[in-house]
> 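Handing you this structure, nothing more for now.
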Amino acid sequence: MTGLLWLGALGSWLFVVTFLIDGWTRPGYCPVRHPVSALALGDRGWVQKTNFIVGGLAITAGAAALPGAVDSVLLGVVVAVFGLALVASGVYPMDPMRGYPPGTPEGDPPRFSETHERHDWAGFAVFGALPVAALVAVFVLPGTGWKVYAALTALVTVVSMARFSQAWESDDPRTGLIQRVFIVTGWLWLGIVFAHAAR
């Protein structure tokens, strides 16, 4: 089971590294404004689609080993939901909008596709499951330090999730940056939890 836990850790960390590098080097893409999901569009969209699917599968595999490592079936289930929702986010990409890919009109399309709606549902599960996982970890991880870290992660992810929702609805020019606060905070924490459980 140790191998699965390390797979979960690497899947979490490499997801962050991949979208950060891809976002900063993608022509016409603005990491401060555009969400990570927009990277699944355009000629290089396969990179982020693969990132969603491979990262999600790795995290789901790691989740299968969590109950035995931290004695919490609930934490394993919540993390598995998170991982599977990431996979769905790659299978069902969002619609082009808000100027990306280059040449796409500003604003939202008149109607969203069924694929986009499925992506939204997957995103809802992603953004909901991670703070819940951190909250569960507060009660199941041993040691004050781990409990405090989990509590801080839960707080940051809940606040940044709410702020991202507001930014997305208003097409805030910092939408992508706000989303990245949630993702980097949550994914790095999850990877560290996997690594700790594997030791």
Side-chain angles (χ1 to χ4, degrees), residues 1-25 31 35-37 39-40 46-91 122-161 164 176 179-199:
M1 289 298 184
T2 299
L4 291 179
L5 293 168
W6 279 115
L7 183 62
L10 290 174
S12 302
W13 296 332
L14 289 177
F15 181 91
V16 173
V17 171
T18 300
F19 83 71
L20 287 176
I21 294 174
D22 193 29
W24 283 113
T25 60
V36 170
S37 290
L39 287 169
W46 64 271
V47 175
Q48 182 55 34
K49 287 178 183 177
T50 302
N51 197 27
F52 273 130
I53 294 170
V54 173
L57 289 174
I59 289 170
T60 304
L66 272 178
V70 299
D71 195 26
S72 174
V73 173
L74 180 58
L75 183 60
V77 169
V78 175
V79 173
V81 169
F82 171 74
L84 292 173
L86 278 178
V87 174
S89 297
V91 173
F124 179 79
V126 167
F127 280 84
L130 192 52
V132 171
L135 284 173
V136 171
V138 172
F139 298 98
V140 301
L141 293 183
T144 302
W146 286 104
K147 293 180 183 298
V148 171
Y149 185 22
L152 289 173
T153 299
L155 177 62
V156 172
T157 52
V158 167
V159 171
S160 57
M161 174 178 61
F164 170 67
Q179 186 193 44
R180 280 161 172 76
V181 172
F182 176 96
I183 294 175
V184 172
T185 299
W187 269 248
L188 291 183
W189 168 80
L190 182 59
I192 291 170
V193 169
F194 276 130
H196 171 69
R199 296 176 62 184

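Computed from a predicted model, the values in this text were never measured in an experiment.
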> So which atom in Thr60 and which in Ala80 form the shortest heavy-atom distance, rounded to 0.1 Å?
OG1-O, 3.9 Å
> Quick one: are Thr18 and Val47 in side-chain contact, heavy atoms under 4.5 Å?
yes
> Mind checking the CG-CH2 spacing from Asn51 to Trp46? Nearest 0.5 Å is all I need.
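Between Asn51 CG and Trp46 CH2, I get 10.5 Å after rounding to 0.5 Å.
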> Give, for atom CG of Leu188 and atom CD1 of Ile183, the distance between the pair rounded to the nearest 0.5 Å.
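Rounded to the nearest 0.5 Å, the CG-CD1 separation comes out at 11.0 Å.
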> CZ/Phe127 to CZ/Phe82 distance, rounded to the nearest 0.5 angstrom?
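So the CZ of Phe127 and the CZ of Phe82 are separated by 9.0 Å.
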> Show your working on side-chain contact (heavy atoms from CB on, under 4.5 Å) between Val140 and Asp71 and close with a plain yes or no.
CA-CA 8 Å; Val140 301; Asp71 195 26; over 6 Å; no
> What about the rings of Phe182 and Phe164, do their centers lie closer together than 6.0 Å?
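No - the distance between ring centres of Phe182 and Phe164 does not fall below the 6.0 Å cut-off.
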> Give the C-alpha distance, both sets of side-chain angles, the deciding distance and a yes or no for side-chain contact (heavy atoms from CB on, under 4.5 Å) between Ser12 and Ile59.
CA-CA 7 Å; Ser12 302; Ile59 289 170; 3.6 Å; yes
> Taking all heavy atoms of Leu5 and all of Ala69, pick out the closest pair and write down the distance.
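What the structure gives for the nearest pair is CD1-CB, 3.8 Å.
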> Roughly how far, to the nearest 0.5 Å, is CG of Leu20 from OG1 of Thr25?
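Answer for the OG1-CG pair, Thr25 versus Leu20, is 10.5 Å.
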> Under the salt bridge (Lys or Arg N to Asp or Glu O under 4.0 Å) definition, can you give me all pairs with a residue in residues 14-25, not counting sequence neighbours?
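Output for this query lists Asp22-Arg26, Asp22-Arg44.
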> Could you pull out the closest heavy-atom pair between Pro67 and Ala64, with the gap in Å?
CD-O, 3.6 Å
> Could you measure the distance from the OG1 atom of Thr2 to the CG atom of Leu7? Nearest 0.5 Å is fine.
12.5 Å
> Give me the atom names and distance for the closest heavy-atom approach of Leu4 to Ala61.
CB-O, 3.7 Å
> Can you list every pair that meets side-chain hydrogen bond (donor to acceptor under 3.5 Å, both in side chains) and has a residue in residues 140-160, with sequence neighbours left out?
none
> Minimum heavy-atom separation for Ala133 to Val79, with atom names?
CB-CG2, 4.1 Å
> Given 3.5 Å as the limit, does a donor-acceptor pair link the side chain of Gln48 with the main chain of Val36, or not?
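Not at all, since once roles are kept as given, no pair shorter than 3.5 Å links the two residues.
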> Please name the residue in the list Val16, Ile192, Val17 that meets the side-chain contact (heavy atoms from CB on, under 4.5 Å) test with Trp187.
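That would be Val16.
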> What heavy-atom pair brings Val70 and Ala197 nearest, and what distance separates the two atoms?
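Looking at all heavy atoms of both residues, the shortest contact is CG1-CB, 4.1 Å.
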> Rounded at 0.5 Å granularity, tell me how far CG in Leu130 sits from CE in Met161.
9.5 Å
> Phe194: which residues meet the ring-ring contact (aromatic ring centres under 6.0 Å, His included) condition with it, sequence neighbours left out?
none
